[in-house]
Amino acid sequence: MISMAILGFGVVGSGCAEVLTQNKDLICESCGSEIEIKYILDLRDFPDSPFADRVVHDFQVILNDPEVSLVAEMMGGSHPAYEFTKACLCAGKSVVTSNKEVVSNFGTELLQLAEQNGVSYLFEASVGGGIPVLRSIYVDLASNRIRSVNGILNGTTNYILSSMKEHGTSFDDALAQAQKLGYAEANPAADVQGLDAARKVAILCGLCFGKLVCPASIPTTGITGISGKDVEDAAKLGYAIKLIGHADVKDGKITALVSPRMVPLSNPLSGVSDVFNGVLVNGNMVGDVMFYGPGAGKLPTASAVVADIIDIVSGKGGAVKKPHFVDAVPEDLADFSSYACVRYFRVSNSLSEVSAVFGTDALHLLTGDGYVSVITAAPMSEREADEICEKLDVLSTMRVL
Ligand code: NDP
Ligand code: HSE
């Protein structure tokens, strides 16, 4: 019998208890051991829950109980989640988590602590919700040098953009619905401003390129500037707007960014709708591999948390392949102003003014009531895109995938 504790009994924490209970027999068979939820730490009480008798409010009860060998942290936020995780690892308790804020900021240190204490720190649920993407990268794609990753990594924003496009829902109404469904962060600004996706890109850089890039150093634009007009224009041009996390490595230098992008309908990521996430990984041996599934939500996310629990419990005394990375230093990062991609501009200038700036090097795709929409024929660097913005009256601009 393995005794474990849950930290945080919210959407994911309660989902974790539900998965462990509903699939108890199956999980016991996979692990070769029964898993008991001995404690649940939360700020609140849950008198109506079947787990009401396990709820504690003092973390020390869990830390000081030698029977507890595994802790699932699903409180969210950096503090005290980071301190609690550290204390558990130092006390010889393995930790699993869905908390990408902690993994992206402190993952290197926490993995080292786990290693030093002979325990595990696993975080499959921190990227892509229920999609088994991280373990696939560090285990199943281990024979590859990963060259790039492009992903729809945030369920809330994908839900909002899909609702705006498919049902004409307003941004605010779609966000409120995503919150109600349990997809959004406690502070949804992290979702809509792109920070949550940047944290996931940081973790992907760690597992794909061996370097955990600090989320604060990832150029990030969210979806708050996307209008119904942008969505409509993109659809007319044959594109879908998606919040895309991108990372690639060239000549040892990593480029990482998050921004809304026009995704051509020929790209499989364009068809990833609602709360679903899609992650396209390019390896130098395998080529393109796509991971797809629910990117947020109670049971899908808990499914990934419990997969880590099973991995740890069943691997006891065996060889669990563990994630590994070091912190990226500034020299590991490429000069972002040189990053180049095809661009979309919607401008209020005349077609002749537009032609004078772009010459023949652009596709003038759409002229509407007082605007011209342009998609460049060739990739353009960030620097060049900034110059265009100085020359023309740009109503909207986006990178194209
Ligand atoms: P919730 O806000 O629903 O749950 C967090 C729970 O932890 C709440 O009950 C909260 O109590 C409790 N809590 C917060 N601080 C403390 C503390 N110091 N001590 C004890 N309990 C505390 O969040 P989610 O379940 O949605 O998310 C949890 C984590 O999982 C986050 O890191 C999130 O980013 C991540 N995640 C979430 C997904 C989702 O779909 N929701 C998907 C993938 C990852 P109170 O409510 O009283 O503050
Ligand atoms: N708020 C996050 C999202 C939860 O919407 O994707 C899953 O990480």
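Atoms within a ligand are numbered from 1 in the order they appear, just like the ligands themselves. Values below: every heavy atom of this structure, side chains too, minus hydrogens, waters and symmetry copies.
- Annotation: Val12 places an N or O atom under 3.5 Å from an N or O atom of ligand 1; distance criterion only.
- Per-atom contact check: atom 7 (O) of ligand 1 touches the protein, criterion being a heavy-atom distance below 4.0 Å.
- Scanning for side-chain contact (heavy atoms from CB on, under 4.5 Å) contacts around Ala91 gives Leu63, Lys93, with sequence neighbours left out.
- Heavy-atom separations between Met74 and ligand 1 include at least one value shorter than 4.0 Å.
- Looking at every heavy atom in both residues, Val272 comes nearest to Asn158 through O-ND2, 3.0 Å.
- For the residue pair Tyr344 / Asp233, a side-chain donor-acceptor distance below 3.5 Å is found, with atom types taken as modelled.
- A search for salt bridge (Lys or Arg N to Asp or Glu O under 4.0 Å) contacts involving Glu353 returns nothing, not counting sequence neighbours.
- Of the options Thr156, Thr301, Val305, the smallest heavy-atom separation from atom 42 (C) of ligand 1 is shown by Thr301.
- Contact annotation: Ala125 has at least one heavy atom less than 4.0 Å from an atom of ligand 1.
- A side-chain donor from one of Glu36 and Ser3 sits under 3.5 Å from a side-chain acceptor of the other.
- Judged by distance alone, with hydrogens and angles left aside, the side-chain atoms of Asn23 form no donor-acceptor pair with the main-chain N or O of Val19 at under 3.5 Å.
- Heavy-atom proximity to Gly182, at under 4.0 Å, picks out these atoms of ligand 1: 39 (C), 40 (O), 41 (N).
- With a 6.0 Å radius and a threshold of 12 heavy atoms from other residues, nucleotides or ligands, Glu115 has its CD atom at or below the threshold.
- For ligand 2, the 4.0 Å heavy-atom shell contains residues Lys100, Asn154, Gly155, Thr156, Tyr183, Ala184, Glu185, Asp191, Asp196, Lys200, Gly295, Ala296.
- Residue contacts with ligand 1 leave out Ala186, since none of its heavy atoms falls under 4.0 Å from the ligand.
- One finds no salt bridge joining Lys86 and Glu83 here, because no Lys/Arg side-chain nitrogen approaches an Asp/Glu carboxylate oxygen to under 4.0 Å.
- Those atoms of ligand 1 that come under 4.0 Å of a heavy atom in Pro80, given as number and element, are 18 (N).
- Contact atoms of ligand 1 toward Gly76: 31 (C), 32 (O) (distance under 4.0 Å to a heavy atom of the residue).
- Of the N and O atoms on the side chains of Thr376 and Arg343, not one donor lies less than 3.5 Å from an acceptor on the other residue.
- For ligand 1, one of its N or O atoms has an N or O atom of Asp42 under 3.5 Å away.
- Atoms of ligand 1 found under 4.0 Å from any heavy atom of Ala296, numbered from 1 in the order shown, are 40 (O).
- The distance from ligand 1 to the heavy atoms of Gly297 drops below 4.0 Å at these ligand atoms: 39 (C), 40 (O).
- In terms of protein heavy-atom proximity, atom 48 (O) of ligand 1 is nearest to Leu43 CD1, 3.9 Å.
- Counting only heavy atoms, the protein never gets under 4.0 Å from atom 2 (O) of ligand 1.
- Of the polar atoms of Ser98, at least one N or O is found under 3.5 Å from an N or O of ligand 1, judged by distance alone.
- Protein heavy atom closest to atom 34 (O) of ligand 1, with residue, atom name and distance, is Glu185 OE1, 2.7 Å.
- The list of salt bridge (Lys or Arg N to Asp or Glu O under 4.0 Å) pairs with a residue in residues 161-175, not counting sequence neighbours, is empty.
- Shortest contact from atom 47 (O) of ligand 1 to any protein heavy atom: Arg44 NE, 3.2 Å.
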